[in-house]
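Every value quoted in this text rests on a predicted model; they were computed, and no experiment measured them. In what follows, every chain begins at residue 1, and chains take the letters A, B, ... in the order their sequences are listed.
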Amino acid sequence: MDVDALLEWYERVRRPLPWRETRDPYALLVSEVMLQQTQALRVVPYYERWLSEFPTAPDLAVAPVRDVLELWSGLGYNRRALALQRAAVFVSEHGWPDDLTELPGVGKYTAAAVSSFAWDRDMAAVDTNVRRVLTRREGLDVDVSARADELLPRGRAAPFNQAMMELGATVCRPRNPDCAQCPVERGCLRLVVTPVRRVKSVRFEDTDRWARGRVIASLLQETEIPLEGERLERALVGLERDGLIVRDATGRPQLP
DNA sequence: CAAACGTGGCA
DNA sequence: TTGCCAAGTTT
């Protein structure tokens with residue numbers, strides 16, 4: 001793959017998203033956690049509000065859980081917000097670990113993204129987009145992580161990572177890829193990847209995931225929880241286990 | 001390791 | 001309107 005052509009293309013098409021204007025590892029971590037499983041454009045207002053309320057890791061570390069969940073609500077996956085706060089606590093107390101995967105909620109992808117964007121570390125951030133780009137180009141049997149690492153131009157990890165992700169998001173899309181606009185078309189296998197079909201078709205409103213979301217929303221808004229019996233109990237047990245709620249002597253749920 | 005984890009936007 | 005899915009991590 002012609003990495004120079006890729007970087008040149010990225011420079012041309014790059015969208016000015018707010019987290020691309022900073023090198024603050026805390027702000028970058030916030031953006032990465034928010035971006036997990038959420039569309040970039042939807043994250044923008046949340047990111048800006050979050051940083052104005054919790055500008056630094058110590059600010060987030062001491063914030064009440066209610067405030068954290070309040071600012072998070074709408075982004076989904078509430079336990080990620082808690083993990084982010086726990087990461088902020090760690091950073092406040094010990095500074096940034098060399099290996100960011102030591103932080104709660106930070107896996108291989110997020111560690112590489114933050115490390116490259118904040119500190120120019122030569123780490124390839126392999127997300128679902130990068131995985132698809134490389135698989136589609138080079139075949140189902142490629143070791144995607146190893147290949148991304150080989151391609152990464154030393155000292156330019158940040159633009160490389162962003163360019164690869166942007167390519168997957170806007171050109172080498174899951175369905176209907178726009179090969180005519182591809183800056184690195186040469187040598188691509190253009191493998192057709194058949195999308196995996198969902199097996200289950202349970203209504204979302206019938207899932208525990210939905211029930212948990214309703215409990216948190218009700219506690220934030222101080223409205224009645226629209227659940228009862230077994231269903232409610234199962235949600236509460238899960239939420240308590242995840243540290244999203246605590247229960248008083250009567251078993252009534254509250255935010256921690 | 002498959003499954004759990006939330007939600008709003010868009011086709 | 002219904003169904004699909006969007007910069008992953010944890011157990």
Side-chain angles (χ1 to χ4, degrees), chain A residues 10 14-15 17-20 27-47 69-84 86-87 99-117 123-134 144-145 148 157-176 193-220 227 234-235 237-245:
Chain A
Y10 177 65
R14 152 195 169 91
R15 296 174 289 170
L17 296 167
W19 44 89
R20 290 180 173 166
L28 288 163
L29 179 60
V30 169
S31 74
E32 289 302 334
V33 174
M34 288 184 168
L35 284 163
Q36 290 171 14
Q37 313 289 283
T38 307
Q39 302 191 24
L41 289 179
R42 233 160 61 64
V43 166
V44 173
Y46 288 89
Y47 172 84
L69 291 178
E70 189 86 60
L71 282 198
W72 187 266
S73 67
L75 278 180
Y77 293 135
N78 294 307
R79 55 183 192 184
R80 290 189 171 163
L82 287 200
L84 181 57
R86 287 195 290 126
D99 175 4
L100 296 188
T101 62
E102 288 173 20
L103 299 173
V106 177
K108 205 156 177 237
Y109 161 76
T110 302
V114 172
S115 298
S116 64
F117 300 154
M123 297 171 70
V126 178
D127 71 344
T128 179
N129 288 314
V130 174
R131 185 163 290 112
R132 180 179 58 258
V133 169
L134 291 177
V144 171
S145 300
F160 173 78
N161 284 333
Q162 293 193 336
M164 288 290 282
M165 291 191 279
E166 189 76 356
L167 183 68
T170 65
V171 175
C172 195
R173 299 171 296 218
R175 272 165 300 287
N176 188 28
V193 182
T194 55
V196 291
R197 57 181 63 71
R198 259 219 194 339
V199 182
K200 301 177 191 170
S201 59
V202 182
R203 291 193 326 160
F204 185 60
E205 290 73 13
D206 294 332
T207 62
D208 286 350
R209 196 179 288 195
W210 180 83
R212 291 169 51 116
R214 288 313 87 209
V215 171
I216 297 300
S218 299
L219 292 176
L220 285 173
L227 295 164
R234 201 167 50 245
V237 167
L239 288 167
E240 187 175 28
R241 191 191 52 235
D242 289 345
L244 283 158
I245 62 167

Visitor: Rounded to the nearest 0.5 Å, how far apart are CG of L220(A) and CD of E70(A)?
Guide: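 Those atoms lie 5.0 Å apart.
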Visitor: In whole Å, what is the span from the CZ atom of R86(A) to the P atom of dT10(C)?
Guide: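 Between P of dT10(C) and CZ of R86(A): 9 Å.
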Visitor: CG of L29(A) versus C1' of dT9(C): gap in Å, rounded?
Guide: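 Taking CG of L29(A) and C1' of dT9(C), I get 13 Å after rounding.
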Visitor: Just the rounded figure in Å: distance from P of dG6(B) to CD of Q36(A).
Guide: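 Computing the Q36(A):CD to dG6(B):P distance gives 13 Å.
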Visitor: Go nucleotide by nucleotide along DNA chain C from the 5' end; which of M165(A) and G105(A) gets its closest nucleotide reached first?
Guide: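 Taking each residue's closest nucleotide, the earlier one in sequence belongs to M165(A).
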Visitor: Between N78(A) (side chain) and W72(A) (backbone), is there a donor-acceptor pair under 3.5 Å?
Guide: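 Answer holds: no.
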Visitor: If you look at every heavy atom in L75(A) and T38(A), which pair is closest and at what distance?
Guide: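 Residues L75(A) and T38(A), closest heavy atoms: O-OG1, 3.6 Å.
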Visitor: Applying salt bridge (charged side-chain N to carboxylate O under 4.0 Å, His left out), can you list everything that pairs with D99(A), at least two apart in sequence or on another chain?
Guide: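 Expected list: none.
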Visitor: List the residues meeting salt bridge (charged side-chain N to carboxylate O under 4.0 Å, His left out) with R132(A), not counting sequence neighbours, and say none if there are none.
Guide: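 Testing R132(A) for salt bridge (charged side-chain N to carboxylate O under 4.0 Å, His left out), a comparison that skips the adjacent residues, returns none.
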Visitor: Mind checking if S31(A) touches a base, just sugar-phosphate, or nothing, with heavy atoms under 4.0 Å?
Guide: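 Nothing: the residue S31(A), judged by heavy atoms under 4.0 Å, touches no strand.
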Visitor: CG of L41(A) versus P of dC5(C): gap in Å, rounded?
Guide: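 Between P of dC5(C) and CG of L41(A): 19 Å.
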Visitor: Please state whether the phosphate of dT9(C), meaning OP1 or OP2, lies under 4.0 angstrom from any side-chain nitrogen or oxygen of T110(A).
Guide: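 Answer yes for this pair, as a side-chain N or O of T110(A) is under 4.0 Å from OP1 or OP2.
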Visitor: Run the side chain to side chain contact (heavy atoms under 4.5 Å, CB included) test against Q39(A) and tell me which residues pass, sequence neighbours left out.
Guide: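 In terms of side chain to side chain contact (heavy atoms under 4.5 Å, CB included), with neighbours along the sequence ignored, Q39(A) is linked to no residue.
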Visitor: Scan W72(A) against the nucleic acid and name what it touches under 4.0 Å (heavy atoms): base, sugar-phosphate only, or nothing.
Guide: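 It contacts nothing in the nucleic acid.
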Visitor: Among residues at least two apart in sequence or on other chains, which ones pass side chain to side chain contact (heavy atoms under 4.5 Å, CB included) with Y47(A)?
Guide: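 Per chain and number, Y47(A) pairs via side chain to side chain contact (heavy atoms under 4.5 Å, CB included) with P18(A), W19(A), T22(A), A27(A), V30(A), S31(A), M34(A), V43(A), L51(A).
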Visitor: What stems involve DNA chain B, if each pair must be Watson-Crick or G-U and both of its distances must be under 3.5 Å, with 3 or more such pairs in a row?
Guide: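 As far as DNA chain B goes, consecutive pairing (with distances under 3.5 Å) yields the stems B:2-5 with C:8-11, B:7-11 with C:2-6.
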Visitor: Could you state the atom-to-atom distance from CZ of R173(A) to P of dA7(C) in whole Å?
Guide: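 Taking CZ of R173(A) and P of dA7(C), I get 12 Å after rounding.
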Visitor: Could I get a table of every N or O pair under 3.5 Å where one atom is in the protein and the other is in nucleotides 7-11 of chain B?
Guide:
unit_1: dT7(B); atom_1: OP1; unit_2: R214(A); atom_2: NH2; d: 3.4
unit_1: dT7(B); atom_1: OP2; unit_2: R214(A); atom_2: NH2; d: 3.1
unit_1: dG8(B); atom_1: O4'; unit_2: R42(A); atom_2: NH1; d: 3.4

Visitor: Which whole number of Å gives the distance between the P atom of dA11(B) and that of dA7(C)?
Guide: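 The same atom, P, in both gives a distance of 15 Å.
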Visitor: What contact category does V43(A) fall into here, base, sugar-phosphate, or nothing, at under 4.0 angstrom with non-hydrogen atoms?
Guide: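 The residue V43(A) makes no contact with any strand.
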Visitor: Over how many whole Å does the gap from L220(A) atom CG to dG6(B) atom P extend?
Guide: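 Distance check: L220(A) CG to dG6(B) P gives 13 Å.
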Visitor: R203(A): which residues meet the salt bridge (charged side-chain N to carboxylate O under 4.0 Å, His left out) condition with it, sequence neighbours left out?
Guide: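 For R203(A), the residues satisfying salt bridge (charged side-chain N to carboxylate O under 4.0 Å, His left out) (neighbours in sequence not counted) are D206(A).
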Visitor: What's the CG-C1' distance between N176(A) and dC5(C), to the nearest Å?
Guide: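 It works out to 16 Å between those atoms.
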Visitor: Pair up each side-chain donor or acceptor in residues 102-113 of chain A with any protein partner under 3.5 Å, not counting sequence neighbours, and list the distances.
Guide:
unit_1: Y109(A); atom_1: OH; unit_2: E32(A); atom_2: OE1; d: 2.8
unit_1: T110(A); atom_1: OG1; unit_2: Q36(A); atom_2: NE2; d: 3.1

Visitor: Using atom C1' of each nucleotide, how far apart are dT1(C) and dG8(B) to the nearest Å?
Guide: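 Their C1' atoms lie roughly 15 Å apart.
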Visitor: Please give, in whole Å, the distance from dA7(C) P to L100(A) CG?
Guide: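 Roughly 22 Å, once rounded to whole Å.
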Visitor: State which residues pass salt bridge (charged side-chain N to carboxylate O under 4.0 Å, His left out) with R20(A); sequence neighbours excluded, sorted by chain then number.
Guide: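 So R20(A) forms a salt bridge (charged side-chain N to carboxylate O under 4.0 Å, His left out) with E166(A).
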Visitor: Between P174(A) and K108(A), name the one whose nearest nucleotide on DNA chain C is closer to the 5' end.
Guide: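 Going by which nucleotide is closer to the 5' end, it is P174(A).
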Visitor: Side-chain N or O of R241(A) less than 4.0 angstrom from OP1 or OP2 on dT11(C)?
Guide: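 False: R241(A) side-chain N/O out of range (4.0 Å or more) of dT11(C) OP1/OP2.
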